[in-house]
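For reference, the structure is listed below as structure tokens.
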Amino acid sequence: MRINTVLFDLDGTLINTNDLIIESFLHTLNLYYPNQYGREDVLPFLGPTLHETFVKMDPLRVDEMISTYRKFNHDQHDQLVTQFETVYETVQALHKKGYKLGIVTTKIRDTVNMGLKLTGLGQFFETVVTLDDVKNAKPHPEPVLLALEKLNSSPEEAIMVGDNHHDIDSGKAAGTKTAGVAWTIKGVKHLEGFKPDYMLNKMSDLLNVLGAE
């Protein structure tokens, strides 16, 4: 069956929030655990929800830590977020060709909207599934299945694109094709370990994969 639906992760896939996320973690952790965490230490926290990360550190202060993180993240957002090359052009081209496009993210809607507004990408997406919309975040299939339902698509005609194993596992569990992105901050070897169907060196490679040149 031909693919007519493309679902994207947001952070680290469509928009480069890596510096923003890392700085937000370092800011938060330095307040609670001074001088214990460096840049490399926080890389494993990119992907899971904030609750999953912070609850392991301190179940009693998890909400407080999430609030601290989100405030810094919100305040620094527009200074630290950039776009990955060929993303805008690729998404625009797919939109023009009539592909059904959605975003599936573990972020809350507020921050998602900031990123889409800053980059001008929001206009191309018919649906955006955020952490606020689901009981189970990726790697559970629920967010991907919800996006497909909203787009009136079946898993067989969809592909999930992401920079993290959560995206690949969620897509596979939902029954879609999957594509990893080689610009993942965790390194392409790490992502290849989760066996995505495709690996994109730049976003425009997706046009080849879909036969959408």
Side-chain angles (χ1 to χ4, degrees), residues 8-54 56-57 62 64-91 103-122 124-125 128 130-132 137-139 160-168 179-192 194 196 199-206:
F8 295 90
D9 171 52
L10 184 64
D11 286 354
T13 301
L14 290 177
I15 61 176
N16 189 350
T17 45
N18 292 332
D19 285 345
L20 175 66
I21 293 170
I22 290 165
E23 292 302 326
S24 301
F25 273 120
L26 291 175
H27 167 79
T28 307
L29 294 168
N30 265 321
L31 284 177
Y32 291 90
Y33 306 98
N35 306 317
Q36 284 184 39
Y37 288 88
R39 200 178 164 87
E40 292 301 310
D41 304 318
V42 303
L43 291 184
F45 306 153
L46 278 73
T49 63
L50 292 175
H51 190 272
E52 283 171 69
T53 295
F54 289 138
K56 290 175 191 153
M57 296 177 186
V62 60
E64 198 183 305
M65 289 164 86
I66 289 174
S67 297
T68 302
Y69 174 102
R70 284 193 175 141
K71 181 175 188 328
F72 179 92
N73 189 280
H74 191 275
D75 293 346
Q76 298 297 315
H77 184 280
D78 290 5
Q79 286 76 43
L80 293 177
V81 172
T82 56
Q83 291 203 52
F84 290 113
E85 62 165 338
T86 77
V87 163
Y88 188 91
E89 300 83 345
T90 304
V91 173
I103 287 173
V104 181
T105 172
T106 50
K107 282 173 96 165
I108 56 169
R109 188 163 295 275
D110 224 20
T111 333
V112 171
N113 288 343
M114 286 176 73
L116 292 178
K117 185 178 171 201
L118 183 71
T119 54
L121 287 167
F124 302 125
F125 292 96
V128 179
T130 71
L131 191 59
D132 304 322
K138 296 177 295 190
M160 175 72 208
V161 183
D163 69 312
N164 217 300
H165 74 86
H166 297 72
D167 306 310
I168 308 305
V181 299
W183 53 93
T184 168
I185 197 166
K186 295 191 176 178
V188 73
K189 286 259 184 304
H190 171 81
L191 200 52
E192 278 172 347
F194 298 91
M199 187 62 76
L200 311 175
N201 287 313
K202 53 185 187 301
M203 191 57 89
S204 53
D205 292 349
L206 186 57

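The structure places CD1 of Ile185 at 7.5 Å from CG of Asn16, a figure rounded to the nearest 0.5 Å.
Not one N or O on the side chain of Asp167 forms a donor-acceptor pair closer than 3.5 Å with the backbone of Asp9. Panel note: side chain Asp78, backbone Leu118; no donor-acceptor pair is recorded below 3.5 Å. A donor-acceptor pair is defined here as one N or O able to donate and one able to accept, closer than 3.5 Å; no such pair exists between the side chain of Glu89 and the backbone of Ser204. In this structure a side-chain-to-backbone donor-acceptor pair under 3.5 Å is missing from Thr86 to Lys202.
Gly162 and Leu191 make their closest contact through O-CD2, 3.8 Å (heavy atoms, listed as atom of the first residue, atom of the second, distance). Nearest approach of Leu200 to Trp183, heavy atoms of both residues: O-CZ3, 3.6 Å. When all heavy atoms of Tyr69 and Thr28 are compared, the pair lying nearest together is CA-OG1, 3.2 Å. Smallest separation of non-hydrogen atoms from Pro196 and Gly180: CB-N, 3.7 Å. The heavy-atom pair separating Tyr37 from Leu26 by the smallest distance is O-CD2, 3.6 Å. Across all non-hydrogen atoms, the minimal contact from Asp132 to Arg109 is OD2-N, 2.9 Å.
None of Thr105, Val161, Ile15 except one satisfies the side chain to side chain contact (heavy atoms under 4.5 Å, CB included) rule with Phe8; the exception is Val161.
Residues Asp19 and Arg39 have side chains in contact (heavy-atom distance under 4.5 Å, counting atoms from C-beta outward).
Below 30°, between 30° and 60°, or above 60°: for His27 and Phe72 the angle between ring planes is below 30°, a parallel geometry.
In this structure, Phe54 has its ring center at least 6.0 angstrom away from the ring center of Phe45.
The number of heavy atoms from other shown groups lying within 6.0 Å of NE2 (His190) is above 12.
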